[in-house]
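Here the structure is laid out as structure tokens; the discussion comes afterwards.
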Amino acid sequence: MSAARQRIAVIGASAAGLAAAEGLRRLGWDGLITFVGDEPHPPYDRPPLSKQVLSGAWPPERTALRDPGRLAALGLDLRLGTRAVAYDPARRHVTLDDGARTVLECAGVVAATGVRARTLPGTEGVEGVHVLRTLQDALALRRRLAEPGRRLAVVGSGVLGAEVAAAARGLGHRVALVGAQDTPMERVLGREVGALLAEVHRDRGVALYPGRTVTAIAVDGGRARGVELADGTFVEADDVLVAIGSEPAVDWLRGPAAPDLSDGLGCDRYCAAAPGLYGAGDVARWYHPGLGRHIRIEHRMNAGEQGLAAARNLLAELDGERFGERRPFEPVPYFWSDQYDLKLHAYGVLAGAVRTEVLRLGKDPLRLAALYGGPDRVTGVLGIGLTPRQARSLRPLAAEPGTWEEAVARLGETVTA
């Protein structure tokens, strides 16, 4: 291998990208690691953006995933504020938009570019219309919410929309939560649990507009003044957060002989999309052997775990004698959400369940545990308002679910112990 080929490029200065870079060093890679990120910031944690940063409880620097000393100790070739714009899979060349169109010749590449927020057409440049994906997005909305008595319309009642609604109500603002689904987070939690969460938001003063679609954002003098709904309802607002999902950031991978880019970067059980190209984090859609299908997970814990797995398997491909064999990546997915004083913990896969079993433990505050899955198999478990010990004890129910009857019995034993 030539000296130039002794480079691994990690594209995406994200949690997944950082985990990959640290994993490469920990596992013994002593070659060059070029670390490319399109934002000017070193890697930072995204989950606090919609909660602690937005509310003002955290200064932005607290989101940094590593202090400067620890980051410097990795010996990275940092290319921050720089995007990858092309990839040649045959040559393993990455092209950057750094003004000189630098081409990186690589031994291998870890794609950890994450996702970008979806927007509503015609809202570019309109004052008071926001998305929330980056630190700059969060700080822009935080500056607006620092003013008293704001009216915020949140378009999209998924995880992000529900979290921002809770944070804004905590600051004393008037909040409207508009969602195409009938209940908040329904795609993930299902209708029964979503209805219970809706009660929590209503009790805290959020105006809910379920099962509604937005036809337009009303603008006056270049500023947002509200949202128009398909049923003719007009919701007045000083600020509008568009939280209608995201799209995998894969444009730089398009071109001749491109890998599978349908719903993210398609990868095998080892997180490999092509020889020398591995995916990690929100952008990766990989085959999960335990579930028997491809999945893509936009959760913080998965980003860290998959970044390390991608690094390990890439090194094994490059030099199996030195780094060992590749290992399938088959974690128990996990995510959490903070809304008001509630903590939601989920293990496994909840979305798409055809059967749920909900064990209600309390109403004020809301406390419950629930199982999710198909007709014959449990695939996920949820806890709301549980103690940290109880929440952690839910994991085996997703990792080794057993039959529905066994899982229901174990759920009751777990949360009442």
Side-chain angles (χ1 to χ4, degrees), residues 8-29 33 35 43 46-47 65 89 92 106-115 248-250 253 259-320 322-336 346-352 377-381 395-401:
I8 291 178
V10 177
I11 310 300
S14 56
L18 178 62
E22 290 183 328
L24 290 170
R25 288 295 187 228
R26 190 181 311 128
L27 294 167
W29 176 258
I33 300 176
F35 195 69
R46 294 187 190 275
L65 287 171
R92 302 188 190 182
C106 305
V109 175
V110 176
T113 43
V115 296
V250 296
L253 292 164
D260 176 9
L261 300 178
S262 56
D263 187 28
L265 176 60
C267 301
D268 64 14
R269 67 183 61 202
Y270 304 108
C271 306
L277 175 63
Y278 286 71
D282 297 359
V283 74
R285 176 177 53 83
W286 88 102
Y287 184 82
H288 191 298
L291 297 173
R293 60 186 177 90
H294 280 81
I295 61 173
R296 188 172 65 82
I297 299 179
E298 296 182 25
H299 300 315
R300 172 66 179 82
M301 292 298 293
N302 184 73
E305 294 176 351
Q306 195 166 25
L308 176 58
R312 178 188 298 113
N313 287 333
L314 172 57
L315 290 178
E317 177 189 317
L318 296 177
D319 190 342
R322 178 180 175 189
F323 297 109
E325 296 183 354
R326 298 192 300 171
R327 306 177 197 168
F329 180 59
E330 44 186 339
V332 177
Y334 167 73
F335 82 88
W336 76 93
Y347 293 93
V349 177
L350 280 58
R377 180 181 180 185
V378 173
T379 59
V381 58
R395 186 181 185 279
L397 293 171
E400 302 171 1

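Since the structure is predicted, the reported quantities are computational estimates derived from the model, not experimental observations.
Of all non-hydrogen atoms in Val381 and Leu350, the two that sit nearest each other are N-CD1, 3.9 Å. Counting all heavy atoms, side chain and backbone alike, Pro248 lies closest to Val115 at CA-CG1, 3.8 Å. Nearest heavy-atom pair across Gly23 and Leu308 is CA-CD1, 3.7 Å. Heavy-atom minimum distance, Asp282 versus His299: OD1-N, 3.8 Å. The two residues Gly279 and Ala310 make their nearest non-hydrogen contact at O-CB, 3.8 Å. Between Ala398 and Gly380, the shortest heavy-atom contact is CB-CA, 4.4 Å.
Taking the six-membered ring for Trp and thresholds of 30 and 60 degrees, His294 and Tyr287 have ring planes more than 60 degrees apart, a perpendicular arrangement.
Within the 3.5 Å criterion, the main-chain N or O of Gly281 finds a donor-acceptor partner in the side chain of Gln306. Looking only at distances, no side-chain donor or acceptor of Arg296 sits under 3.5 Å from a matching main-chain atom of Val283. Between the side chain of Arg92 and the backbone N or O of Ala107, at least one donor-acceptor pair lies under 3.5 Å. Under the 3.5 Å distance criterion, the side-chain polar atoms of Glu317 are left unmatched by any main-chain donor or acceptor of Pro275.
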I'd like to know whether Arg300 forms a side-chain contact (heavy atoms from CB on, under 4.5 Å) with Trp336, so could you lay out the CA-CA distance, the side-chain angles of the two residues, the decisive distance to 0.1 Å, and finally the verdict. CA-CA 9 Å; Arg300 172 66 179 82; Trp336 76 93; 3.9 Å; yes
Go through the steps to decide whether Glu305 and Ile297 satisfy the test side-chain contact (heavy atoms from CB on, under 4.5 Å), and finish with yes or no. CA-CA 12 Å; Glu305 294 176 351; Ile297 299 179; over 6 Å; no
Val250 vs Thr113, side-chain contact (heavy atoms from CB on, under 4.5 Å): CA-CA, chis, key distance, verdict: CA-CA 7 Å; Val250 296; Thr113 43; 5.5 Å; no
Between Arg293 and Val349, does the side-chain contact (heavy atoms from CB on, under 4.5 Å) criterion hold? Intermediate values first, please. CA-CA 12 Å; Arg293 60 186 177 90; Val349 177; 3.4 Å; yes
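Taken from CZ in Arg395 to CD in Glu400, the straight-line distance is 9.0 Å, to the nearest 0.5 Å. Atom CD1 in Ile11 sits 9.0 Å away from atom CG in Leu253 (nearest 0.5 Å). Interatomic distance, Asn313 CG to Arg326 CZ, rounded to the nearest 0.5 Å: 6.0 Å. Separating the CG atom in Leu27 from the CG atom in Leu315 is a distance of 6.0 Å, to the nearest 0.5 Å.
A side chain to side chain contact (heavy atoms under 4.5 Å, CB included) with Ile8 holds for exactly one of Phe35, Tyr278, Trp29; it is Trp29.
With no hydrogens or angles considered, no side-chain donor-acceptor pair links Ser14 and Arg46 at under 3.5 Å.
For the pair Leu277/Pro259, a side-chain contact is recorded, criterion being any heavy-atom separation below 4.5 Å from C-beta on.
Legend: residues meeting ring-ring contact (aromatic ring centres under 6.0 Å, His included) with Phe329, ordered by chain and number and at least two apart, are Trp286.
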Check residues 264-274 and write down every donor-acceptor pair under 3.5 Å in which the side-chain atom is one partner and the other belongs to a residue at least two apart or another chain.
from	atom 1	to	atom 2	distance (Å)
Asp268	OD1	Tyr270	N	2.8
Asp268	OD1	Cys271	N	3.3
Asp268	OD1	Ala272	N	3.0

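Atom CZ of Arg322 has more than 12 heavy atoms from other residues, nucleotides or ligands within 6.0 Å.
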